[in-house]
Each structure stands twice: as C-alpha cells, then as structure tokens.
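Structure incoming, see below.
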Amino acid sequence: MDNFLQINNGQAIKRSSIPCLPFPRFAELLDAFVKNDGFIVQFFAHVEDGRNKLVAVVRNNQLYVAATEVGETFPSLTASSSSKFHMFEREIAEQYGITPVDHPWLKMVRYHANYRQAADVFGNDYRQDIPGNYQYFQVEGDSVHEVAVGPVHAGIIEPGHFRFQCAGEEVFSLEIQLGYQHRGIERMLTQVPMKRLSIICEGIAGDTSIGHNLCCCQALEALTGLAVDPGAQVVRCIALELERLANHIGDLGALSGDVAFNPPAAYFGRLRGEFLNLLQVLCGNRFGKSLVLPGGISQIMGEEQAKIIEDKLKELEPEISHVCDLLFSAHTVQARFENTGTVSTKMAEDLGLVGYSGRASGLPYDARVAFPTEAYGALHANRNEMVNGDVYSRASVRREEIMHSMHLIKSLVNRAGEVSAKRTMHEISLEPDSFVVTVNEAWRGEVSHCLLTDKGGRIERYKIKDPSFHNWTGLAMALRNQEISDFPLCNKSFNLSYCGFDL
Amino acid sequence: MLKIIRNRYEQGCKTSNYPQEPIALYKRFRGLPKINGDCDPATVGQCAAICPQDAILCEERKIDLGKCTFCGRCENVGDGAFVTFSQDFAMGTSSREALLCDGTLPALAEHAKKHFKKLFGRSLQLRQVSAGGCNSCEADTNVLNTPFFDLSRFGIDFVASPRHADGIHVTGPVSKNMKAALIATYEAVPAPKVVIASGACSISGGPFYGSPEIIGDLGSIVPVDLYIPGCPPHPLTTLHALLNFFK
Ligand code: SF4
Ligand code: SF4
C-alpha cells in the first residue's frame with residue numbers, strides 16, 4: 001500500500017496529505033488490497049474546488065486513505081474487482097450523480113436527488129413518491145411467484161420493502177429496497193449549528209445512539225485537540241457495552257419468539273429492559289442519549305451509579321445464563337436455528353460483512369481489538385467458538401458477546417476513583433482543511449464517521465457508515481434457497497438497521 | 001421441561017401493578033420540567049442559546065415539549081436556575097398548544113374526547129406506523145408488550161392490519177419517502193379513528209427539524225388526537241397517556 005497513506009483511528013490529518021492518485025493507479029491498488037484480506041471502511045464522493053473526488057478509507061490490520069479525481073463517470077470497481085464496492089458505488093451514484101460504468105446492478109440506495117444538481121443516474125423524478133420508476137429484479141417461469149412485503153410491516157418495526165422471488169416455498173432471490181427512513185442526515189450535519197450535531201447523531205439509529213454519537217464526538221475531539229479524561233473513557237465504554245447487551249438480549253428474545261418458544265422470549269424481553277434502565281441510571285435516557293459530548297460525558301458516574309450497575313449485573317448474570325441455556329439446549333430451537341440462513345466465510349468476505357454477522361461466518365474482525373478507542377486498549381478481547389454462518393452461529397456469537405460484555409463492565413466499574421468530570425456542550429472551533437475518520441465496534445459491528453473540514457473550519461462533508469450498510473446484502477444472500485417461512489428468523493438473527501442505513 | 005420450570009421459578013412474576021401502585025423512576029430520568037417563572041431573562045436566554053432543539057420560548061418562559069428531546073442541557077445553566085426536570089412521566093396532551101409548557105400540563109383525562117372513551121375504552125387496537133426517526137420510539141413502544149408493562153391486560157393491542165385497527169400510532173418525523181405509505185395506512189383504518197403522535201419527531205421533526213427530506217409535523221398531514229412527548233417517550237409516558245385518554 002505504498003501509495004496509500006496509513007492513518008490512525010480518530011486522528012486528524014491535513015487534507016493536503018491525503019494522496020490523490022490517478023484513477024487507474026487508485027483502482028489498481030484498491031483491487032489488490034481488497035483481494036488480499038483488505039476491507040473497505042468508507043468509500044465516498046465529494047466535491048473539492050468544483051472537481052469530483054472519491055475518497056477510500058480501507059483496512060487490513062491498519063487503516064489507510066487515498067483519493068482520486070473523476071469526471072462524470074468512472075469504471076466500476078464492483079465490475080472489475082470485488083462485490084465489496086457494490087453498495088458504495090451505488091451510493092456515490094445517488095449522492096453525487098457520478099456513474100460507475102458497468103456496475104452490474106446499479107440502482108438507487110435511498111431515493112433522493114443528488115447533492116450536485118447533476119442529472120439523475122437512475123432517471124428518477126424525485127417529485128414522485130418512492131419507489132418512483134424503480135425496477136425490481138424479475139424471475140419468470142411456471143411455478144414462480146413473487147411475494148412483496150412492506151414498507152409498513154406487520155409488527156412495530158421500521159419500514160422497508162422486501163421482494164421475494166419464489167418457487168413454492170423456496171426463495172430464489174430476495175431484493176431489499178430501503179430508503180423509506182431517509183432524513184437527509186449527512187447533508188444536515190454540514191449545515192446545522194454545532195450544538196445539534198450530537199443529538200442528530202444519536203438519531204442516526206436509536207439502538208446505536210452511543211456507537212454513532214461516540215464516532216461523532218471522537219471526530220470533533222480530534223479536530224479540536226480536546227482531550228477526554230480516563231474516567232470519561234471508562235463511562236463511554238460501559239455505555240457502549242450496555243447498548244450491546246440490551247440489543248443482543250432483546251434479539252435473542254425475538255429469535256425465541258420467531259420459533260414460537262415463548263418463555264425465553266418473555267424473559268429476554270424483560271431482561272433487555274433492565275439494561276436500558278441501567279443506561280437511564282447513567283444519563284437519564286434509556287437509549288443513552290445525551291450522555292456522550294465532545295470532550296467527555298454529560299453526567300458523572302459516581303459511586304452510587306457504579307454500585308447500582310454492579311449490583312444489577314450480579315443479579316442478572318445467572319438469570320441470563322440460565323435463560324440462554326434454556327434457549328440453546330431446546331431441541332426444537334436447535335432444529336430451527338441450525339443450517340438456516342447460512343452465509344459462508346467466502347461469501348461473508350466477498351461482501352465485507354462486519355460485526356457479529358461477520359464473526360459468525362468466521363471473519364474475526366472486531367474494531368474494539370483492531371482499532372481500540374476509549375478504554376478498550378487495556379481490555380480483554382472476546383473469542384467466538386461457533387462460526388458456521390447460520391442462524392445458530394449468529395445467535396451463539398451474541399450469547400458469547402453478552403457474557404463477554406458483562407465481564408467487561410464488571411472490570412470497568414471496578415476501576416475505583418475513575419469517576420469523571422461532567423462536561424457541558426459549547427461551541428468549539430474545528431481545525432480547518434482537515435480530515436478525520438473514526439471507527440468503533442458498536443453492537444452491530446463497525447460504525448464509522450468521516451469528516452472533512454473546509455478552509456474556514458466548517459464541516460464540508462460528513463460521511464456516515466452504519467454496519468448495516470455492509471450487512472443487508474448478507475441477509476439477502478442468506479435467504480437464497482431457503483424457505484420463505486425462514487425469513488423472520490434469518491432477519492432477526494441479523495437484525496439490521498433501517499434508519500442507520502437510510503440516513 | 002425441568003429447565004422451563006426452573007427458569008419460570010427464577011423469573012417469578014415481574015408485571016407491575018401500575019396504575020394501582022405508583023412507579024418511581026431513578027432520579028436522573030427527566031420528565032415534566034419544573035420552570036422558574038421568575039428567572040432573569042439573561043439566564044433564560046442562555047438556556048435558549050444552548051438548547052439544540054430551539055425548544056425554549058424566552059418571552060413566555062416556556063418549553064415546547066413537542067420539540068424538546070429532554071437532553072437536560074438547559075438544566076445545567078446556573079444549576080437549574082430556569083429549568084429542572086422532575087421524574088413525573090405523565091406528559092401526554094390532547095392538543096399541540098398544551099405542549100407549550102410553563103411547568104404544568106392540563107389533566108389529560110379531562111380533555112380526552114368522550115366518544116373515544118365510549119368507543120375504545122374497553123378495547124383499543126392500534127396500527128403502528130414507523131415513519132422515519134431513529135427507531136427508539138418504536139423500541140420503547142414494543143416494550144409495552146413485555147411482561148413488566150403487559151399492555152394487553154388493559155385491552156390495548158398493536159395489530160398488523162390497519163383494517164383491524166381503531167387508529168394509528170405514528171413515530172418518526174414522517175420522511176418524504178414514507179408519506180405516501182403513512183397516508184395509505186391512515187386511509188385504510190375504518191372511521192371513527194384516532195391518531196396518536198408519539199415522540200418529538202412526529203410532533204415537530206425532533207432532532208431532524210428543518211431537514212428538507214422530512215415533513216416534520218404529523219398534524220399537518222392528518223388530524224392528531226393525542227400527543228406523547230419524549231425522545232423517545234418513556235414506556236410509562238405512553239402507558240399513562242393511553243390509559244388516561246381512552247379509559
Ligand atoms: S432539555 Fe429540552 S429544552 Fe432543555 S436544552 Fe434539551 S431540548 Fe432544550
Ligand atoms: S423522537 Fe427521538 S427517539 Fe423518537 S424517533 Fe425521533 S429521534 Fe428517535
């Protein structure tokens with residue numbers, strides 16, 4: 001990676017130090033990189049002095065960045081190199097009206113007009129309601145039929161549209177069309193006053209409030225040189241782990257419900273609430289909103305709060321392990337979980353899956369270990385035993401992570417004396433002409449924010465990536481040749497974010 | 001089987017006795033604000049200046065609970081000189097204006113519509129529509145079906161089809177891309193029907209106010225009967241509002 005610049009997680013650099021390579025060289029290097037255990041963290045477009053630029057942030061066990069300049073089109077890397085580029089290139093086409101030529105499946109990502117007022121790549125008229133003139137993939141044949149679901153689903157869940165092409169029960173292809181939650185967040189973040197940034201980032205995906213806002217605050221800290229005291233770092237880690245616990249536990253409950261095994265569904269449902277309540281003990285909000293601020297945290301974790309958390313964990317740990325045992329040892333559950341919705345290691349790698357979905361398919365990447373932030377550098381890593389890529393593996397990985405997270409929190413709350421100073425929000429001025437990328441392992445996997453500031457220190461481009469951006473395609477592939485009735489189970493085992501994707 | 005019994009025993013009965021018995025929330029929970037009406041204008045101005053939601057009405061010394069995300073930042077100014085938050089989670093209102101709050105709210109039960117109580121008091125079926133937002137509102141609505149709250153014991157259920165529903169419960173700022181689906185769902189509910197706006201997003205756009213990609217005010221598309229503030233509303237806020245408005 002000679003021509004790419006190696007960078008550190010959460011460290012601001014000058015924009016001028018980012019190598020800008022001629023496109024053929026850029027493409028050649030990226031191609032070699034992704035075919036050699038390299039993954040894409042961010043790949044996006046922006047306009048610099050009236051010229052279209054593409055920026056790639058990639059990782060193996062290090063982070064690298066490079067840029068290139070393109071015109072109105074560029075040769076698709078999805079076509080010439082790897083599926084890892086697939087969604088990123090579609091996004092570039094939608095956000096900036098730049099066409100990746102020969103992209104094998106170029107279609108809109110979220111349904112909105114591009115930022116450049118350039119001609120729309122998809123030929124959409126955005127005065128029309130979604131899905132406009134969007135073309136769905138078609139399968140034809142005698143016993144082929146199509147099932148369409150959404151955007152309003154049966155339960156209390158977010159909107160998205162799913163099309164299944166089936167023969168009888170068997171699914172040939174699942175097409176997932178999102179975008180219904182699009183709120184224009186990336187654009188907003190370049191236009192609103194500083195005081196709104198955190199609150200908007202907490203709203204990218206509410207179940208990942210801590211994860212996303214942490215990325216935002218770390219980026220702002222890097223761009224101002226604000227230091228965070230070690231006590232605040234401890235609290236931030238605890239919060240991120242509580243968020244992970246609440247979600248994993250809730251999902252194990254939902255998985256039990258999907259195979260009609262009701263006792264653990266009810267118990268996990270209640271246990272999840274206990275962790276939301278612990279977040280409320282920390283900061284007054286069950287989703288950890290308003291806790292993390294640039295430079296620290298908004299509320300002190302005193303002895304009182306530390307004790308509440310510690311006592312609660314002591315009480316809940318045996319309960320959780322018993323309910324897990326109940327779920328995982330039931331034959332009926334095993335029969336439904338095993339070999340359902342399998343994503344092979346190869347497929348996971350081709351698509352660049354992250355988080356537990358990747359780990360369950362044998363990709364061990366965990367950003368807490370690879371690019372540790374806050375207090376993670378000194379904490380134990382987790383190991384996953386079950387990596388067959390099926391629903392059973394994704395559930396087992398969650399179970400292992402639940403136990404690991406509780407262990408982490410126990411070791412963190414015990415760091416006596418490391419209570420932290422309370423911080424209030426104020427205007428801060430950002431380093432001009434700078435670039436920073438932040439990466440954290442939120443509960444679903446790698447969350448990343450990338451900021452570019454202009455000459456005046458204003459945010460010129462704010463790029464967000466939720467792990468779901470990688471993993472939705474994983475779900476679509478997991479459904480191939482499955483029975484359509486397995487969809488809820490597969491879906492819940494991934495439990496991807498709609499709003500985190502839609503932005 | 002033994003495991004099922006052992007777990008059942010360990011879990012016990014966790015359902016709360018609310019509303020027969022009050023529930024105390026941990027002191028850091030921010031519910032209905034207490035507002036100092038005599039606060040000096042400079043402090044009020046400072047609060048308004050740091051409020052990320054522009055939810056503070058300086059002249060009237062009020063907070064717009066429809067915009068407020070209960071982030072608590074204003075409470076830090078002058079150590080709560082203008083605002084402090086109580087743990088009172090009862091914040092539902094039957095009108096948008098009532099959310100412009102000087103520290104008190106009208107008793108919801110008295111402002112509830114009589115014919116709604118008669119029609120839906122014993123059984124209320126709602127269709128939930130998630131229309132943008134961050135999904136915390138949906139998550140904390142779902143929680144009402146867990147054993148602690150056990151919403152069904154009050155005869156209130158969330159159903160799959162709008163045809164089976166008495167009304168819609170809407171969360172999110174209504175993204176432009178969800179507008180058509182929201183209206184179609186509303187229209188599919190047979191009249192007489194109710195509309196509930198839940199969370200800062202559906203009431204005012206919430207954290208996303210001002211974005212050209214959202215509608216930002218459910219009331220501008222369909223008539224709203226019940227407002228439930230919060231970001232997200234605490235499950236008890238929702239439960240209190242549903243019980244007082246319909247029971
Ligand atoms: S608590 Fe409400 S009024 Fe106070 S600063 Fe936050 S959003 Fe504004
Ligand atoms: S009101 Fe707050 S919690 Fe609810 S959807 Fe909007 S941002 Fe999320």
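It should be emphasised that the depicted structure is a prediction, and the values quoted were computed from it without experimental measurement. Computation of the quantities below employed the complete heavy-atom set of this structure, encompassing side-chain atoms and omitting hydrogens, waters and symmetry-equivalent molecules. Quick note on labels: first sequence line is chain A, next is B, and so on, each numbered from 1.
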Checklist entry - Does the pair R270(A)/E319(A) count as a salt bridge with the N-to-O cut at 4.0 Å? => result yes

Checklist entry - Do S202(B) and P173(B) have side-chain heavy atoms sitting under 4.5 Å apart? => result no

Checklist entry - Given a strict heavy-atom distance threshold of 4.5 Å, which part of L197(A) is in contact with chain B: side chain, backbone, both, or neither? => result neither

Next on the checklist: Is the terminal nitrogen or CZ of K193(B) (NZ for Lys, CZ for Arg) located under 6.0 angstrom from the six-membered ring centre of Y186(B) and within 45° of that ring's axis?
Outcome noted: yes

Checklist entry - Taking only heavy atoms into account, what residues of residues 182-190 of chain A are found under 4.5 Å from chain B? => result H182(A), R183(A), G184(A), I185(A), M188(A)

Checklist entry - Of the backbone (N, CA, C, O) and the side chain (C-beta and beyond), which part of I4(B) lies under 4.5 Å from a heavy atom of chain A, both, or neither? => result both

Checklist entry - Between S161(B), P212(B), P207(B), which residue shows the highest count of heavy-atom pairs closer than 4.5 Å to chain A? => result P207(B)

Checklist entry - Which answer fits C231(B), side chain, backbone, both or neither, if we ask what part of it has an atom under 4.5 Å from a heavy atom of chain A? => result both

Checklist entry - What part of V174(B) gets closer than 4.5 Å to chain A, counting heavy atoms only: side chain, backbone, both or neither? => result neither

Checklist outcome for this item: Max heavy-atom pairs within cutoff under 4.5 Å with chain A, candidates V143(B), V129(B), D140(B), I50(B), goes to D140(B)

Item to check | P235(B) versus chain A, the contacting section by heavy-atom distance below 4.5 Å | outcome: side chain

Checklist entry - Which one, G500(A), S497(A), A330(A), S290(A), leads in non-hydrogen pairs under 4.5 Å with chain B? => result S290(A)

Checklist entry - Using non-hydrogen atoms only, which part of L291(A) is less than 4.5 Å away from chain B: side chain, backbone, both, or neither? => result neither

Next on the checklist: I'd like to know if the side chain of N124(A) and the backbone of Y126(A) have a donor-acceptor N/O pair within less than 3.5 Å.
Outcome noted: no

Checklist entry - Hey, which of K179(B), K27(B), K176(B) has the most heavy atom pairs under 4.5 Å with chain A? => result K27(B)

Item to check | Segment of H169(B) engaging chain A (4.5 angstrom heavy-atom cut-off) | outcome: neither

Item to check | Test item: S152(B) and N145(B) side chains (from C-beta on) under 4.5 Å apart, heavy atoms | outcome: yes

Checklist entry - Given a strict heavy-atom distance threshold of 4.5 Å, which part of F158(B) is in contact with chain A: side chain, backbone, both, or neither? => result side chain

Item to check | Which atoms of A184(B) approach chain A - backbone, side chain, both or neither, heavy atom under 4.5 Å | outcome: neither

Next on the checklist: Applying a heavy-atom distance below 4.5 Å, give me the residues of residues 204-211 of chain A that approach chain B, sorted by number.
Outcome noted: A205(A), G206(A), D207(A)

Checklist outcome for this item: Bottom line for P159(A): the part with an atom under 4.5 Å from chain B's heavy atoms is both

Checklist outcome for this item: If one checks every heavy atom of R30(B) against chain A at 4.5 Å, the contacting part turns out to be both

Checklist entry - For D325(A), is it the side chain, the backbone, both, or neither that has a heavy atom closer than 4.5 Å to a heavy atom of chain B? => result both

Item to check | Residue among H153(A), R272(A), M194(A) with most heavy-atom pairs under 4.5 Å to chain B | outcome: H153(A)

Item to check | T146(B) portion near chain A, given a 4.5 angstrom heavy-atom threshold | outcome: side chain

Checklist entry - Would you say the side chain of R127(B) lies within less than 4.5 Å of the side chain of V152(A), judging by non-hydrogen atoms? => result yes

Item to check | Residue part contacting chain A, namely of Q87(B), when any heavy atom lies under 4.5 Å | outcome: neither

